[in-house]
There are 2 protein chains.
Amino acid sequence: MNDTKKSGRRGRPRGFNPDEGVALAQRLFHARGYDAVGVAELTSALGINPPSFYAAFGSKADLFSLALDRYAIHSAVPLDDLLSPEQPVAAGLARVLEEAARRYAADPATAGCLVLESVGCHDETARAAAQVFHRAALERLRAFIANRHPDKAEQVTDFIGAVMAGLSARARDGLELDRLLAAARLGAAAIAEELST
Amino acid sequence: MNDTKKSGRRGRPRGFNPDEGVALAQRLFHARGYDAVGVAELTSALGINPPSFYAAFGSKADLFSLALDRYAIHSAVPLDDLLSPEQPVAAGLARVLEEAARRYAADPATAGCLVLESVGCHDETARAAAQVFHRAALERLRAFIANRHPDKAEQVTDFIGAVMAGLSARARDGLELDRLLAAARLGAAAIAEELST
DNA sequence: GGTATTGTGTAGTGAATGATACAAAAAAAT
DNA sequence: ATTTTTTTGTATCATTCACTACACAATACC
């Protein structure tokens with residue numbers, strides 16, 4: 001019954017693994033959105049009762065924040081890897097868009113981007129947490145562009161931000177990978193053209 | 001007290017105007033989303049009680065459907081006007097994107113597109129109603145493109161659908177008109193380039 | 001006036017929400 | 001063995017949700 005082998009701590013051991021709870025929460029929140037996933041569903045999926053849930057995670061919003069952290073590490077578009085400076089700016093942004101399309105359409109059960117689909121949720125705390133990641137990603141893109149195209153950084157960032165949000169929305173609509181990829185490449189072509197002039 | 005001058009009908013006259021109710025519902029649903037607007041808020045904003053609400057509109061989802069109809073007539077991007085066949089395809093699509101940016105950013109209180117922001121709502125009935133309008137709009141665009149560029153209709157439709165969804169999302173984020181317009185024009189440039197080859 | 005018809009106001013329905021009080025259970029420390 | 005600490009299960013809490021039962025009010029028809 002005891003999953004956590006970390007002994008030495010006093011008191012009754014946990015009957016479940018909190019890290020698995022975060023992973024499960026990430027999947028559920030991504031699949032159906034923060035607002036639509038209830039504490040009752042999370043607890044029953046984990047096989048625990050509400051008091052265990054709140055003792056381990058604090059609140060539904062706190063767990064969402066942990067799920068966002070985990071998403072950023074494991075599932076989000078890895079901007080830091082893709083935006084290496086030894087490549088043309090347009091090439092880096094094209095890689096970002098292509099990778100976004102691939103990830104957004106990878107699993108139909110969790111289509112789109114967890115962050116982009118959460119910045120409009122109705123819970124103020126959860127929305128604010130998602131907006132932190134969203135703003136950080138946009139700033140990371142802007143800085144990458146501004147390094148070599150400072151005069152076009154704002155416009156191109158606005159555009160790629162819109163395209164990524166659109167790719168996420170269309171992925172949630174069920175658009176398949178090849179069509180999403182084609183749209184991403186059209187967006188990349190627009191950026192390449194803009195940055196070449 | 002009687003706002004509806006349509007007499008001749010028996011029974012106690014209505015103390016409010018249902019058309020104004022639809023207009024108000026359109027604004028509220030657009031401003032905060034179907035899920036976040038409660039019947040209590042709608043009734044109190046109209047100065048009526050729940051029984052009057054349900055007698056006039058049937059249900060919250062039925063009222064949303066009426067609000068969508070009104071939105072399509074008064075506030076949505078007028079595809080039929082913009083996509084006249086006596087212009088290059090790329091020019092028509094550019095007009096659509098520019099008009100979308102203008103409308104999505106016109107009123108900060110109702111930023112974005114009511115339809116695009118409603119296709120992901122959690123109520124199944126309301127979501128289905130929004131998806132009808134969404135699919136109709138995409139099909140209208142696809143047909144316009146396919147008329148002269150049948151081999152590129154799917155790809156370009158997917159792209160402009162994603163860009164419009166992205167413009168709506170960024171508008172809800174608070175992006176101002178000029179920046180939204182610049183992003184729209186970059187998307188239009190990508191379409192023009194794609195259709196010219 | 002009398003009756004049928006239609007809308008309104010009061011008050012409340014059951015279901016679902018996120019979150020808890022409380023005591024028993026299970027471990028370590030003494 | 002007793003105490004201390006931590007987690008667990010039962011049984012809720014208060015609030016909000018969309019929605020309605022019911023009697024009264026206000027009009028048209030006869």
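When reading the values below, keep in mind they use all heavy atoms of this one structure, side chains included, and skip hydrogens, waters and symmetry mates. Letters go in sequence order (proteins before strands), and every chain restarts at 1.
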Starting from [atom2] on [N], measure out to [atom1] on [X] and report it in whole angstrom.
{"X": "Arg14(A)", "N": "dT8(D)", "atom1": "CZ", "atom2": "C1'", "result": "11 Å"}
{"X": "Phe53(B)", "N": "dA11(C)", "atom1": "CZ", "atom2": "P", "result": "22 Å"}
{"X": "Leu42(B)", "N": "dA18(D)", "atom1": "CG", "atom2": "P", "result": "8 Å"}
{"X": "Asp123(A)", "N": "dT17(C)", "atom1": "CG", "atom2": "P", "result": "14 Å"}
{"X": "Leu63(B)", "N": "dC19(D)", "atom1": "CG", "atom2": "C1'", "result": "14 Å"}
{"X": "Arg9(A)", "N": "dT4(D)", "atom1": "CZ", "atom2": "C1'", "result": "15 Å"}
{"X": "Leu46(A)", "N": "dT7(D)", "atom1": "CG", "atom2": "P", "result": "15 Å"}
{"X": "Asp35(B)", "N": "dT16(D)", "atom1": "CG", "atom2": "P", "result": "18 Å"}

Verdict with supporting geometry, Arg179(A) and Glu154(B), salt bridge (charged side-chain N to carboxylate O under 4.0 Å, His left out): CA-CA 8 Å; Arg179(A) 295 175 61 179; Glu154(B) 181 180 86; 3.7 Å; yes
Within 45° of the six-membered ring axis of Phe144(B) and under 6.0 Å from that ring's centre, is NZ or CZ of Arg148(B) located there?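 The answer is yes; both the distance and angle limits are met.
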Can Lys60(A) be said to sit on top of Tyr34(A)'s aromatic six-ring, NZ or CZ under 6.0 Å from centre and within 45° of the ring axis?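 Yes; both conditions hold, so Lys60(A) lies above the ring face of Tyr34(A).
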Please test Glu98(B) against Arg185(B) for salt bridge (charged side-chain N to carboxylate O under 4.0 Å, His left out), starting from the C-alpha separation and ending with a verdict. CA-CA 7 Å; Glu98(B) 173 149 349; Arg185(B) 288 178 181 138; 3.1 Å; yes
Might you work through the salt bridge (charged side-chain N to carboxylate O under 4.0 Å, His left out) test for Glu99(A) and Arg103(A), ending with a clear yes or no? CA-CA 6 Å; Glu99(A) 188 63 24; Arg103(A) 294 187 181 244; 2.8 Å; yes
Can you check whether Tyr54(B) has a side-chain N or O nearer than 4.0 Å to OP1 or OP2 of dT20(D)?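 Result: no.
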Arg140(A) and Asp80(A) ion-paired at < 4.0 Å: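 Salt bridge: yes.
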Side chains of Phe64(A) and Val37(A), heavy atoms from C-beta outward: is any pair under 4.5 Å?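 No - every pair of side-chain heavy atoms lies 4.5 Å or more apart.
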Pro50(A) or Ala55(A): which one's nearest nucleotide on DNA chain D is closer to the 5' end?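 Its nearest nucleotide lies further toward 5', so the answer is Ala55(A).
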Pro51(A) vs Ala40(A), nearer the 5' end of DNA chain C by closest nucleotide: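 Comparing both residues, the 5'-ward one is Ala40(A).
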Select one nucleotide: of dT20(C), dT8(C), dG9(D), the one nearest the side-chain heavy atoms of Ser52(A).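 My answer, after comparing the listed nucleotides, is dG9(D).
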List, with names and distances, any nitrogen or oxygen atoms from the protein found under 3.5 Å away from nitrogen or oxygen atoms belonging to nucleotides 23-26 of chain C.
residue	atom	partner	partner atom	Å
dA26(C)	N3	Arg12(A)	N	3.4

